[in-house]
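As a basis for the values below, the full set of heavy atoms in this structure was taken, side chains included, without hydrogen atoms, waters or symmetry mates. In listed order, ligands and their atoms are each counted from 1.
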Amino acid sequence: MGTARLPVSATSIKEDLNSFRIAMRQFDYAAEKCGLEPGLCEVLRRPRRALSLSLPVKMDDGSIRVFEGFRVQHNSARGPCKGGIRYHPNVTFDELKALAMWMTWKCAIVNIPFGGAKGGIVCDPHKLSRNELERLTRRYTYEISPLIGPDKDIPAPDVYTDAQVMAWIMDTYSMTHGSSAPGVVTGKPLFLGGSLGRNEATARGCLFVIRAACEVMGTKLNEATVAIQGFGNAGSIAARLLSQDGAKIIAISDSRAGVLNHSGLTVPELVAYKAKTGSVANFPGSTAISNEAVLELQCDILIPAALENQITLQNAERVQARVVVEAANGPTTPDADLVLHNRGIMVIPDVLANAGGVTVSYFEWVQDLQELFWDEDDVNRRLERIMVKAFADVHATARKHNVEMRTGAYILAIDRVANAMRTRGIWP
Ligand code: GLU
């Protein structure tokens, strides 16, 4: 590991938490390590194209509100662009540029034939009625429809979007194009061309890389303790799958509260409790713990499964896990990365750890195009093969270049994307 990125002491500098600058910093470091030529470096530092949108929506009370939306395509050298759509009040253009770039690396690491994209709308979906959400989604889809399509750019769920939102996207695109196009979006309901196993795919992918990491570290998963920040699609299903493998889930937090039980939380009961009450708060048999304290617990495996910039210079010294598995996108800052590395904590980076989601999105797209659907065992077996191989590839690349896993993952991805670009050439 070079010293160029060494952080000054946590108190002496203010960390730059802008996601796009973070993504560029990670990229620059890896690009230098693998000697990427300056021309391609310049191309890959920027998104290929982006749409910025004003989305007028007629609200239930008859008023009109204008929402801000975006779709960013980072790169399509290896295939159509791919990436989710998030609905969140704090969405920014820079964040989506970072997330689109991360999708390019993610798809390259698991070696599926896609480039990277991301979209989002600045809104709080919990404060919109179902009808307002539908009108907003349809207007957004209409506005991005020049960019998307089964062979151009294929959206998917992300933070606070789900199978219903994907169904509206599929319907709007299909109605305006005159034929049914299930391959335009993934993460759809099963009966509309969705794939078995897609809902669990991000968490199942995490499970496969965690098993691989345990092997490398000589740890037994059925003796491991786990803390999880975030109880959405990734966090809650990861908790269930890991506890089925015998791991002890000692703490879980959601956006409102956290719960702790050193003898292990009973995950199915916690899932049912959250479904009933809307939060994990006051789960019987647990004590309260803050969202921040979950990250600092003594445990073997820490899974940040919420949003960006959770492990920073402010708390990296206090992380006590042996391995951090990034189910969320961008939860660890570059300075925190270095602190964790220097303290001997392994970080399985987002672009590898959560790539199970987009991998099964790829399977869904393939099934839609073939109009032939697979059973769940088939999906899970193929996912396992891809995740195990991706972990091994990243681990080997990191060893070869004597860098941590994130930089190893970037070097592997940059190499694959740059190779495609060199071979295709720059048009015209
Ligand atoms: N939003 C997910 C991610 O960040 C899935 C993207 C997809 O399936 O296209 O990887």
Within a radius of less than 6.0 Å around CE of M175, do more than 12 heavy atoms belonging to other residues, nucleotides or ligands occur?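 Open.
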
Are there over 12 heavy-atom neighbours, none belonging to E215, within less than 6.0 Å of that residue's CD?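 No, the 6.0 Å shell around CD holds no more than 12 heavy atoms from other groups.
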
Contacts of P89 meeting side-chain contact (heavy atoms from CB on, under 4.5 Å) (sequence neighbours excluded), chain-then-number -> D124

Assess the side chains of T137 and Y87: does a donor N or O sit below 3.5 Å from an acceptor N or O? yes

If we count only N and O atoms by modelled type, under 3.5 Å, do the side chains of E326 and T332 hold a donor and an acceptor together?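 Judged by distance alone, the side chains do pair up.
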
At a heavy-atom distance under 4.0 Å, which protein residues reach ligand 1? Sort them by chain and number, would you? K82, G83, G84, M103, K106, K118, A156, P157, D158, R198, N329, G357, V358, S361

Please step through side-chain contact (heavy atoms from CB on, under 4.5 Å) for the pair V72 and F93, ending with a clear verdict. CA-CA 8 Å; V72 181; F93 185 40; 3.7 Å; yes

